4 protein chains.
Amino acid sequence: MFAQNGYTGTSVADIAARADIGKGTIYEYFNSKEDLFFAVFEWYCKKTGAAVTVSISVLGASAAQRLDALNGSLMSLWDEIKDVFVLVMEFWAAASSSKMRQRFQIAFKQLYQDFRRIVSDLIVDGISRGEFREDIDPEAVAAALVGTWDALFLQAWFDPIFDPLEISQKFLAVVIQGLKKS
Amino acid sequence: MFAQNGYTGTSVADIAARADIGKGTIYEYFNSKEDLFFAVFEWYCKKTGAAVTVSISVLGASAAQRLDALNGSLMSLWDEIKDVFVLVMEFWAAASSSKMRQRFQIAFKQLYQDFRRIVSDLIVDGISRGEFREDIDPEAVAAALVGTWDALFLQAWFDPIFDPLEISQKFLAVVIQGLKKS
Amino acid sequence: MFAQNGYTGTSVADIAARADIGKGTIYEYFNSKEDLFFAVFEWYCKKTGAAVTVSISVLGASAAQRLDALNGSLMSLWDEIKDVFVLVMEFWAAASSSKMRQRFQIAFKQLYQDFRRIVSDLIVDGISRGEFREDIDPEAVAAALVGTWDALFLQAWFDPIFDPLEISQKFLAVVIQGLKKS
Amino acid sequence: MFAQNGYTGTSVADIAARADIGKGTIYEYFNSKEDLFFAVFEWYCKKTGAAVTVSISVLGASAAQRLDALNGSLMSLWDEIKDVFVLVMEFWAAASSSKMRQRFQIAFKQLYQDFRRIVSDLIVDGISRGEFREDIDPEAVAAALVGTWDALFLQAWFDPIFDPLEISQKFLAVVIQGLKKS
DNA sequence: TATGAATGAGTCTTCATTCAT
DNA sequence: CATGAATGAAGACTCATTCAT
């Protein structure tokens, strides 16, 4: 419901009705609407986090191939996530709305750090294998790539014609080309 | 005020007080709080749109240099924008909250399309000059780059240590390397 | 309404309905239900305080007569106050209920101090006129008398047959007898 | 718990938790929160009633001495009662709040009648012994004295500096002086 | 044109009470 | 005999919006 109507647009009463329980029952499990929302956030993080971790572990071969595979598995998440992606925007907004700021901001910072770490490890691996150039900054590239993925989802959400899979693959090809030893 | 406390966190009364006018006066100029918020959104779009256009027109020399320059001028916006960036998240959220969805969603779609267009033109130019490889998809690269910039701001907002300028420059160098004819 | 149903038993909505105004209007004038209740308390204090002061100033002759007159004017308040006296009990309870404690407790302390002062001044006057014995403690007697008046109202409230005027007059006669020089 | 947080401020859940039993269990023994509260009231009445009766029976000698002794034993209760005294105010308030009114009001009326009876018997005894004057009204004096004791506790509760023992002794001396045959 | 007092629908939250186990 | 999860009525409070001045 938060995905459909946003945090403010969803009332606790609505949630209870949809869950077919009494309003009070919600408060047996969550101390406040905010807590409930944060729980949804944690559920979402866990869900997407798992997807990434799994996809990484399955990868084989060269660093370039693994990057490609990571990209593929992220993009295949899109269809699954599409409908709940709005949530992410609600989370971002929550992280900026003064009341819940701290909680969400800390969680987001951590989330991005973790994700960047995974990607930068992958690049460092590519460098040490002699596959990627040594004069690149793995952390910078990782940060940018992580951002790119996020933002592609964002654009896809705004524009239904936008195909994140195709675009990300083409773009990643360019990036990998730029990373490789000439 | 929307930047400081979010859409929900800001009341019409607050705005009137800060503007030192009566609550009723606001309704002489805007039909609703939503309209007022959308007006802020349009103002913001115009402002950042102008910044981009200006920076593009000033660019000289090679496509690679122009991309670098664009990146530089965008990132130099960061210090200016930093405090108002929350607004963008509020806009995103507004675009997802069912009530205001349509309006904002259409505007965002347009905004991204325009921005992508500017960047893809730049890349097409690079290709036609024989500077970039011919087997790349300018639109895809443009879409991804636009997203990257957005997302770097996002991460910078969550993590004060994060330096978007440095990271974007390093990443762009890799991308340009990937774009160039070998 | 507080007098009829108590603090908890009266809802802000009830008050608004009875006053024939909107619920929100109440909050234009009071920050909370508690504030409104405290305002009623202050109104009550002013009202009864005025009654006492007036009756004192009007008094003439001997200290004994003035005490009698004070008693008379207090007791004549009874018929007026009778219906709102419950309020006092609500105030006492408010002063002990943890949330509003401080405010009310301070106000009550002051109220009693002021009232005791008035009575003890009267007794001191009686002593200096040579009318009352010198070995009595004016403050102690004043404190006890003030309490007695309060408590007679209390008993009268519980028991409609109880006649505070008659009882207080008879009791005061005994007390004055005890105060007088033999 | 009622003494600490008042009737409204104490929830059935709180009580159950403190008693280390289930919420439902309370309803095995009491039909409602109100009933439970009334049971506390009855317990309190019995307890203080006993204290008075005991102190009376122990008294010896003259009526004046017995009054003094009663006063002493009541005031010595203060330190014991101090913390639970809030309860009395809660009871008063309960007696005035429309929902529980009747029950409490009847009980209070009885309580005061009983107490007045004890004191007036004592005074009647003093008269028949020829110790007190015959033109006084024992019931009136008793009613007033009972009230005074109540009210001294009240003032002591509001004002920690207030010493009810000292004040009551001094006042009683005056009253006894007024009661005695010249 | 500007105002701000008045409004009441709509929020989140609490809590006495029930009842299946 | 004890329990505590579930409930929903009820309550305090907020705030976008209106409208008479």
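All values derive from a computational prediction rather than experimental measurement. In what follows, chains are A, B, ... by sequence order, proteins preceding strands, each numbered from 1. Just so you know, these numbers use all the heavy atoms, side chains as well, and skip hydrogens, waters and symmetry mates.
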Exercise for the section: May I have the distance from C/Asn5 (atom CG) to F/dG11 (atom P), rounded to whole angstrom? Expected result: 11 Å
Fill in the blank from the handout: Nearest-nucleotide check on DNA chain E, D/Val12 vs A/Thr10; residue mapping nearer the 5' end is A/Thr10
Practice task
To the nearest 10°, let me know how far the axis at one end of the helix from E/dA2-F/dT21 to E/dT21-F/dA2 is tilted from the axis at the other, five pairs an end.
Solution key: 0°
Completion exercise
Comparing nearest nucleotides in DNA chain F, the 5'-proximal residue of the pair C/Ala13, B/Ala13 is C/Ala13
Exercise for the section: Establish whether the base of E/dG10 is bridged to the side chain of C/Lys23 by a donor-acceptor pair shorter than 3.5 Å. Expected result: yes
Problem - Nearest-neighbour nucleotide for the B/Ser11 side chain, F/dA12, E/dT17, F/dC15 considered - result: F/dC15
Practice task
Would you check if the distance from the ring center of A/Phe41 to the ring center of A/Phe108 is below 6.0 Å?
Solution key: yes
Practice task
Please determine which of D/Phe85, D/Phe37, D/Phe91 meets the ring-ring contact (aromatic ring centres under 6.0 Å, His included) test together with D/Tyr44.
Solution key: D/Phe91
Handout entry: Residue-level proximity of residues 14-22 of chain D to DNA chain E when a heavy atom falls under 4.0 Å
Key = none
Practice task
Within residues 25-37 of chain A, find the residues that approach DNA chain E with a heavy atom at under 4.0 Å, and present them sorted by residue number.
Solution key: A/Tyr27, A/Ser32, A/Lys33
Practice task
For D/Thr8, report the nucleic acid contact type (base, sugar-phosphate, nothing); a contact means any heavy atom under 4.0 Å.
Solution key: nothing
Exercise for the section: Tell me which of D/Gly24 and B/Gly24 sits closer to the 5' end of DNA chain F, going by the nucleotide each one is nearest to. Expected result: D/Gly24
